[in-house]
Amino acid sequence: MAVLHLEVVTPEKVLVSREVDTVVAPGTEGEFGILPGHIPFLSGIQPGELRYEAEGKKEFLAVTEGFSEVSEDRVSVLVDAAERATDIDLERAQSALERARERLARERGAEDVDFVRAETALRRALVRIKVAEKA
Amino acid sequence: MATLKDILRKIGAVKKTQQITRAMNMVAAAKLRSTQGKVEAFDPYAAKFAEVLENLASRIDPDIHPLLVKKESVSQVELLHFTADRGLCGSFNAQLIHRGEKWLSEQRDQGNEASMTVVGKKGRDYFKKRDVPITEAHVQVYGKIDMSFVNQMTRQLTDRFLNDELDEVYMMYTRFVSMARQEVMLVKLLPVEPPQVDEQEESTRSEYLCEPSAEELMIDLLPKHISVQIYNAFLQNEVSEHAARMAAMDNATKNCKELIQNLTLAYNKARQAAITAELMDIVGGAEAIKTA
């Protein structure tokens, strides 16, 4: 059976590089799934949950923004940061969420960069908590 | 004549200096290894990124994004300038500062107003004293940066570029070539020069299904392209700094060794001279007594 080679790459390290059966990633236009034999494909990635199945086991990752490329059964996911579900520190994520909420409440109405940043921080924190709970 | 004690004291001082330079050499070596590890970890990301960007660039209209468009007239330019936070690394900082100065005077000759964003304490101190307009200074950031920090830097530069506050943005850093060679590089960040597309390669490239469209993806990727370049500059500059410091400290240690050798020689000579003089005195005295 054909398999996919998945690579999750961040500027700091190659987090995942292995053979998998399926990949589901959070694209900017919605979640998409990749199976072996997929046509060449490019997509943006937004902060969310990336999951893959290998040897009958499901694995979860939390990723931030980036993009992914699929060609010839190779899936490359390039993101600013990524974490395995099992590596996420739930407590830290919770406190980050609190901080982001506070900041968002303070910046409400301000249409500037800080607001956008607080929003992305909030979204990241939410994703990490969601993914961590699946570990 | 320097007394024996003076020479001994000097030897002791040089030995202590040697100890310090040797220690700094070893610290720089350790830091160099860890930073080199980071560079290697970044390589796969940078390589893949360049590949995808090139692929996209080959298929879209180069005027699609304002970051790609050249300004009609250039009057405001900015330089993102890298130096180290610390000295004692040979001509590393001096070279960067010298090239920075050269760039500044070139821009002024063309009638452009130049400002700087500086990374590193040495550069900040230098250019601050000379009243160069500094937009922002990042000091003590090496080794602490991550992609979100770099993204923020990129956003600041691109925002000012899009608001017509800046017409061109350059970046100057030191590229690590080998342990013995580091090169000062000057790179144009904005407007983004579209990556050169190899005609031959183009035909072998597969057509991609893009989501969202290729144009929209490109818009996301361009700022990222700048971030990748800046991140790379951070790493390269840091590696080069450590390599330069290692070489400088190695030289210093060698010089200390030579100095100690010379001083020891002088010490032995002086000691021998003193003993000879003393002997002459005794012999002279004994002769005097005998003849008396």
Side-chain angles (χ1 to χ4, degrees), chain A residues 5-17 25-34 37-47 63-83 96 100 112-121 123-125, chain B residues 34-35 37-57 59-60 143 145-152 154-156 158-160 204-225 227-232 234-235:
Chain A
H5 187 83
L6 173 70
E7 266 188 351
V8 179
V9 190
T10 69
E12 270 103 38
K13 63 177 176 203
V14 179
L15 189 69
V16 178
S17 174
T28 39
E29 307 277 279
E31 205 168 60
F32 61 85
I34 306 281
H38 201 287
I39 58 163
F41 177 62
L42 261 178
S43 169
I45 297 273
Q46 62 175 7
V63 296
T64 60
E65 51 282 318
F67 62 95
S68 72
E69 186 213 24
V70 184
S71 75
E72 289 158 22
D73 284 342
R74 295 181 65 86
V75 184
S76 312
V77 179
L78 275 80
V79 285
D80 287 353
E83 264 178 306
D112 62 0
V113 185
D114 277 352
F115 185 77
V116 176
R117 272 181 55 207
E119 207 185 341
T120 40
R123 200 175 307 141
R124 264 203 295 268
Chain B
S34 86
T35 324
K38 274 193 217 163
V39 172
E40 273 159 31
F42 180 60
D43 262 354
Y45 187 91
K48 195 81 209 169
F49 190 89
E51 194 188 311
V52 172
L53 191 75
E54 210 173 280
N55 185 310
L56 270 178
R59 291 189 291 127
I60 63 161
I145 52 142
D146 56 7
M147 217 46 189
S148 65
F149 179 86
V150 175
N151 281 339
Q152 214 177 315
T154 306
R155 192 154 42 218
Q156 270 169 12
T158 49
D159 281 354
R160 287 169 59 214
T204 63
R205 205 170 277 146
S206 44
E207 259 314 287
Y208 280 98
L209 179 72
C210 289
E211 185 180 290
S213 65
E215 282 81 7
E216 278 173 84
L217 266 178
M218 194 69 182
I219 287 167
D220 277 352
L221 286 192
L222 276 177
K224 219 155 230 164
H225 174 56
S227 292
V228 167
Q229 285 185 68
I230 296 180
Y231 191 87
N232 183 43
F234 262 108
L235 293 179

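These numbers come from a predicted model, not from an experiment.
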**OP:** Name the region of A:Phe67, side chain, backbone, both or neither, that has any atom closer than 4.5 Å to a heavy atom of chain B.
**Re:** side chain
Subject >> Interface moiety of A:Val77 toward chain B, non-hydrogen atoms closer than 4.5 Å >> reply: neither
**OP:** Provide the closest heavy-atom pair for B:Leu217 versus A:Ser43 in the form atom of the first, atom of the second, distance.
**Re:** CD2-C, 3.9 Å
**OP:** Against chain A, label B:Asp146 side chain, backbone, both or neither, depending on which of its atoms sit under 4.5 Å from a heavy atom there.
**Re:** both
**OP:** Tell me, for B:Tyr231 versus chain A, whether the close heavy atoms (under 4.5 Å) come from the side chain, the backbone, both or neither.
**Re:** side chain
Subject >> Under 4.5 Å from a heavy atom of chain A, the part of B:Glu216 involved >> reply: neither
Original post:
Given the options B:Glu40, B:Gln152, B:Lys38, which has more heavy-atom pairs under 4.5 Å with chain A than any of the others?
Top reply: B:Gln152
**OP:** Sort A:Ile39 into side chain, backbone, both or neither according to what part of it lies under 4.5 angstrom from a heavy atom of chain B.
**Re:** side chain
Subject >> Spatial distance of atom CD (A:Glu29) from atom SG (B:Cys210) [nearest 0.5 Å] >> reply: 11.0 Å
Original post:
For the residue pair A:Gly44 and B:Pro212, what are the closest heavy atoms and their distance?
Top reply: N-CD, 4.4 Å
Subject >> Side chain / backbone / both / neither for A:Glu65 at chain B, heavy atoms under 4.5 Å >> reply: both
**OP:** Flag yes if more than 12 heavy atoms outside B:Lys48 fall under 6.0 Å of its NZ atom; otherwise flag no.
**Re:** yes
Original post:
For A:Glu12, what residues pass the salt bridge (charged side-chain N to carboxylate O under 4.0 Å, His left out) criterion, not counting sequence neighbours?
Top reply: none
Subject >> Contact origin within B:Leu235 toward chain A - heavy atom pairs under 4.5 Å >> reply: neither
Subject >> Closest-packed option against chain B by number of heavy-atom pairs under 4.5 Å, given A:Thr28, A:Val14, A:Thr10 >> reply: A:Thr10
Original post:
Do A:Asp80 and B:Lys224 have side chains that get closer than 4.5 Å, going by heavy atoms?
Top reply: yes
Original post:
For chain B, which of A:Val70, A:Leu42, A:Val9 has the most heavy-atom pairs under 4.5 Å?
Top reply: A:Leu42
**OP:** Check whether A:Thr64 gets within reach of chain B through its side chain, its backbone, both or neither, counting any heavy atom under 4.5 Å.
**Re:** neither
